[in-house]
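Notes follow the structure.
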Protein chains: 2
Amino acid sequence: MLSSRTRKRRLRDPERTRERLLQAGFREVHRSGFQSASIDAILAATNVTKGALYYHFESKEDLGHAIVEEVVAKLPRDRWLLPLQRSKDKDPINALIGIVRAIPARPEDVRGGCPLVNLAQEMSQLDEQFRKRLETIFRAWQEGIATALRRGQSQGTVRRDVVASETAGFLIALVEGYQVLAKNAQDPKVWNGGIGNIVGWLRSLRAPRQSRRGGRRLMSKGRVVKKRQ
Amino acid sequence: MLSSRTRKRRLRDPERTRERLLQAGFREVHRSGFQSASIDAILAATNVTKGALYYHFESKEDLGHAIVEEVVAKLPRDRWLLPLQRSKDKDPINALIGIVRAIPARPEDVRGGCPLVNLAQEMSQLDEQFRKRLETIFRAWQEGIATALRRGQSQGTVRRDVVASETAGFLIALVEGYQVLAKNAQDPKVWNGGIGNIVGWLRSLRAPRQSRRGGRRLMSKGRVVKKRQ
DNA sequence: AATAACATACATACTAGTTGGTATGTTAAG
DNA sequence: CTTAACATACCAACTAGTATGTATGTTATT
């Protein structure tokens, strides 16, 4: 027996139908925002009919919630949390620098903005259900970073005087803020500049070589400061 | 002759009508976003009729552009640029700290988010006219901060090794990023925490007391780092 | 193995409401 | 009297959502 996918494309494949709706819904929401996302546009993009959509999701909101939980939530998980866990032995600051540098800087990504921020910005005030789901994602993101930083502190690679959770929030705010600016500029150069400055700031979190005097560290090397003073 | 305002409320006062539409439009757009902003809701809020609105503005987009230029643009000007200019003699870092601390932390402000970011996030990808107007605002904001920082550098209060324009962008990203997080959390505490961390970072830009060795400076005192190591 | 019974997974056509926008009429101000 | 500043009524397009019908897949029965 061949798997349901490899056979001659079954006429009914509810899981696949649902997944296609989620993906197309995500794209439409990412483009237009949730409120302006058109159900008809999603259907047109998938060649799924309205009856099928409302069989799998009981309302537009329900579809939106599923998109957040099943599509949006994956983004920080894949881009941040998994890489951080995978590099358990290495210095978390190097890992974070790598992650930040790996955030897509292609024009279409920069211009579209971070889906998480897009949705949070639009919906958190309007729909508590959306907000809660988004906050869960933010929390997991922040805690993942904080955990990695604490690990770095016990390894001696991260300054002991930084407060992990606050620093994680700082980093997230920074990343999201620069993405907003880059999206508004509609210009990858803005984002690339942001990466440089974020990386510079990240380096300032490193513990000094031999941990002299309780882990103070200067704030040079960033793109915010000149390379040669 | 009494001024047009003090008389017994003239039946026709086009300037006032226009201004009321701008203000109500701003509030509606701030609440719902531009796309979902309802013309009818704006009319209901102002007791102005559709004919009057379309006499003053030729389309919804036109109204939106006017809102950006005449209402939104004032916000960073009033909150950032004017205070920075007014404190020409003082240390710009102190001025910036005061400005950041003065950003409203009332629940309704935090939950509504920064109107500039809201619009940028929603519209920059969709409507180039919107984007250009918003970018003008961001540019002026960034240049205002950069100018103040450079002034501080020649005064000797700001580290010489910081690149003013980059640092200004960093600060803006940070402020906007934290406002996004606070809006998503719908919680003023998140914003207040952000203020603390921003202020801490701002302090790290100060030139050392007697400008020893080319202006290096450590990054302590922030809320990101512990107060007593 | 054949088939009846049933539930799943859709498809089609429609509705009630809202949207931005307009055509045309009216009235106040100079 | 003229025209600037509205007011009213209306419209076509689009919205999410639904009622109803139908074809497919599964399961129980014989």
Side-chain angles (χ1 to χ4, degrees), chain A residues 1-25 28-29 31-67 122-123 126-127 129-130, chain B residues 1-22 24-26 28-29 31-67 122-123 126-127 129-130:
Chain A
M1 284 290 170
L2 293 165
S3 86
S4 60
R5 186 74 70 80
T6 49
R7 255 212 190 284
K8 52 170 182 180
R9 177 62 54 82
R10 300 173 53 175
L11 289 92
R12 303 209 165 175
D13 191 341
E15 287 178 26
R16 198 179 110 89
T17 302
R18 197 186 126 93
E19 187 58 28
R20 286 174 63 208
L21 287 170
L22 285 175
Q23 291 301 330
E28 169 73 4
V29 167
R31 258 198 304 275
S32 313
F34 175 76
Q35 296 179 94
S36 298
S38 163
I39 294 281
D40 288 338
I42 296 171
L43 298 177
T46 49
N47 284 321
V48 169
T49 60
K50 208 164 257 192
L53 189 151
Y54 279 94
Y55 172 78
H56 287 283
F57 306 96
E58 64 182 25
S59 68
K60 185 187 177 185
E61 285 198 347
D62 186 38
L63 171 63
H65 297 157
I67 289 173
E122 179 189 5
M123 297 305 296
L126 270 55
D127 183 315
Q129 302 243 64
F130 260 97
Chain B
M1 283 291 168
L2 293 165
S3 87
S4 59
R5 188 72 70 81
T6 50
R7 252 204 192 290
K8 51 169 184 182
R9 175 60 57 81
R10 301 172 52 177
L11 288 91
R12 299 202 170 179
D13 189 340
E15 287 177 26
R16 197 177 111 89
T17 302
R18 197 186 126 94
E19 187 60 27
R20 286 175 63 208
L21 287 170
L22 285 174
F26 169 73
E28 169 72 4
V29 168
R31 257 198 303 276
S32 314
F34 175 76
Q35 296 179 96
S36 298
S38 163
I39 295 281
D40 288 338
I42 296 171
L43 298 177
T46 49
N47 284 320
V48 169
T49 59
K50 208 165 255 191
L53 188 151
Y54 279 93
Y55 173 78
H56 287 284
F57 305 96
E58 65 182 26
S59 67
K60 185 187 178 184
E61 284 198 347
D62 185 40
L63 171 63
H65 298 157
I67 289 173
E122 180 189 4
M123 298 303 298
L126 271 54
D127 183 314
Q129 302 244 64
F130 260 98

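It should be emphasised that the depicted structure is a prediction, and the values quoted were computed from it without experimental measurement. Here is the naming used below: chain letters follow the sequence lines, and residue numbers restart at 1 for every chain.
For the segment residues 41-50 of chain A, the set of residues with a heavy atom within less than 4.0 Å of an atom of DNA chain C comprises A:Thr49, A:Lys50, in numerical order.
Applying the salt bridge (Lys or Arg N to Asp or Glu O under 4.0 Å) criterion to A:Arg20, with sequence neighbours excluded, gives no partner residue. The salt bridge (Lys or Arg N to Asp or Glu O under 4.0 Å) test applied to B:Glu28 returns B:Arg31, not counting sequence neighbours. By the side chain to side chain contact (heavy atoms under 4.5 Å, CB included) test, B:Glu19 is found to be paired with B:Leu22, B:Gln23, residues two or more places apart in sequence or in another chain being considered.
For B:Ile67 against B:Gly25, the heavy-atom pair with the smallest separation is CD1-C, 3.5 Å. Here the shortest heavy-atom pairing between B:Ala66 and B:Arg18 reads CB-NH2, 4.4 Å.
No hydrogens or angles considered: nothing links the side chains of A:Gln35 and B:Gln35 as a donor-acceptor pair under 3.5 Å.
The residue among A:Asp40 and A:Glu58 whose nearest nucleotide of DNA chain D lies closer to the 5′ end is A:Asp40.
Separating the NE2 atom of A:His56 from the C1' atom of D:dG17 is a distance of 17 Å, rounded to the nearest angstrom. Regarding B:Asp13, its CG atom lies at a distance of 11 Å from the P atom of C:dG30, rounded to whole Å. Regarding A:Lys60, its NZ atom lies at a distance of 17 Å from the C1' atom of D:dT18, rounded to whole Å. Atom OH of A:Tyr54 is separated from atom P of C:dA9 by 19 Å (rounded to the nearest Å). Protein atom CD of B:Gln35 is 12 Å distant from nucleotide atom P of D:dA16, rounded to whole Å. Atom CZ in B:Phe57 sits about 15 Å away from atom P in C:dG20, given to the nearest Å. Atom-to-atom, CD1 of A:Ile39 to P of D:dT18 comes out at 11 Å; the value is rounded to the nearest Å. Between B:Leu53 atom CG and C:dT22 atom C1' the separation is 13 Å, expressed in whole Å.
Among D:dT18, C:dA9, C:dG20, the nucleotide with an atom closest to any side-chain atom of A:Pro14 is C:dA9. Out of D:dT18, C:dG20, D:dC6, the shortest distance to the side chain of B:Thr17 is found at D:dC6. Distances were taken from every side-chain heavy atom of A:Ala52 (C-beta onward) to each of D:dC6, C:dG20, C:dC10; the shortest belongs to C:dC10.
Of the possible polar contacts, one joining the A:Glu122 side chain to the A:Phe34 backbone as a donor-acceptor pair under 3.5 Å is found.
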List the atom pairs, donor and acceptor, that lie under 3.5 Å between side-chain atoms in residues 44-53 of chain B and the rest of the protein, sequence neighbours left out.
residue : atom : partner : partner atom : Å
B:Thr46 : OG1  : B:Ile42 : O            : 2.8
B:Thr46 : OG1  : B:Leu43 : O            : 3.2
B:Thr46 : OG1  : B:Val48 : N            : 3.4
B:Lys50 : NZ   : B:Asp40 : OD1          : 3.2

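Among pairs with a residue in residues 55-65 of chain A, none fulfils side-chain hydrogen bond (donor to acceptor under 3.5 Å, both in side chains), at least two apart in sequence or across chains.
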Find every protein N or O atom lying less than 3.5 Å from an N or O atom of nucleotides 24-28 of chain C, and list the pairs.
residue : atom : partner : partner atom : Å
C:dT27  : O2   : B:Arg12 : NH1          : 3.2
C:dT27  : O2   : B:Arg12 : NH2          : 2.8

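An angle of 0°, rounded to 10°, separates the two end axes of the helix from C:dA1-D:dT30 to C:dG30-D:dC1, each defined over five pairs.
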Would B:Ile39 and B:Tyr54 count as a side-chain contact (heavy atoms from CB on, under 4.5 Å) here? Give the steps. CA-CA 10 Å; B:Ile39 295 281; B:Tyr54 279 93; 4.2 Å; yes
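Contact between the side-chain N/O atoms of A:Ser38 and the OP1/OP2 oxygens of D:dT15 is found at a separation under 4.0 Å.
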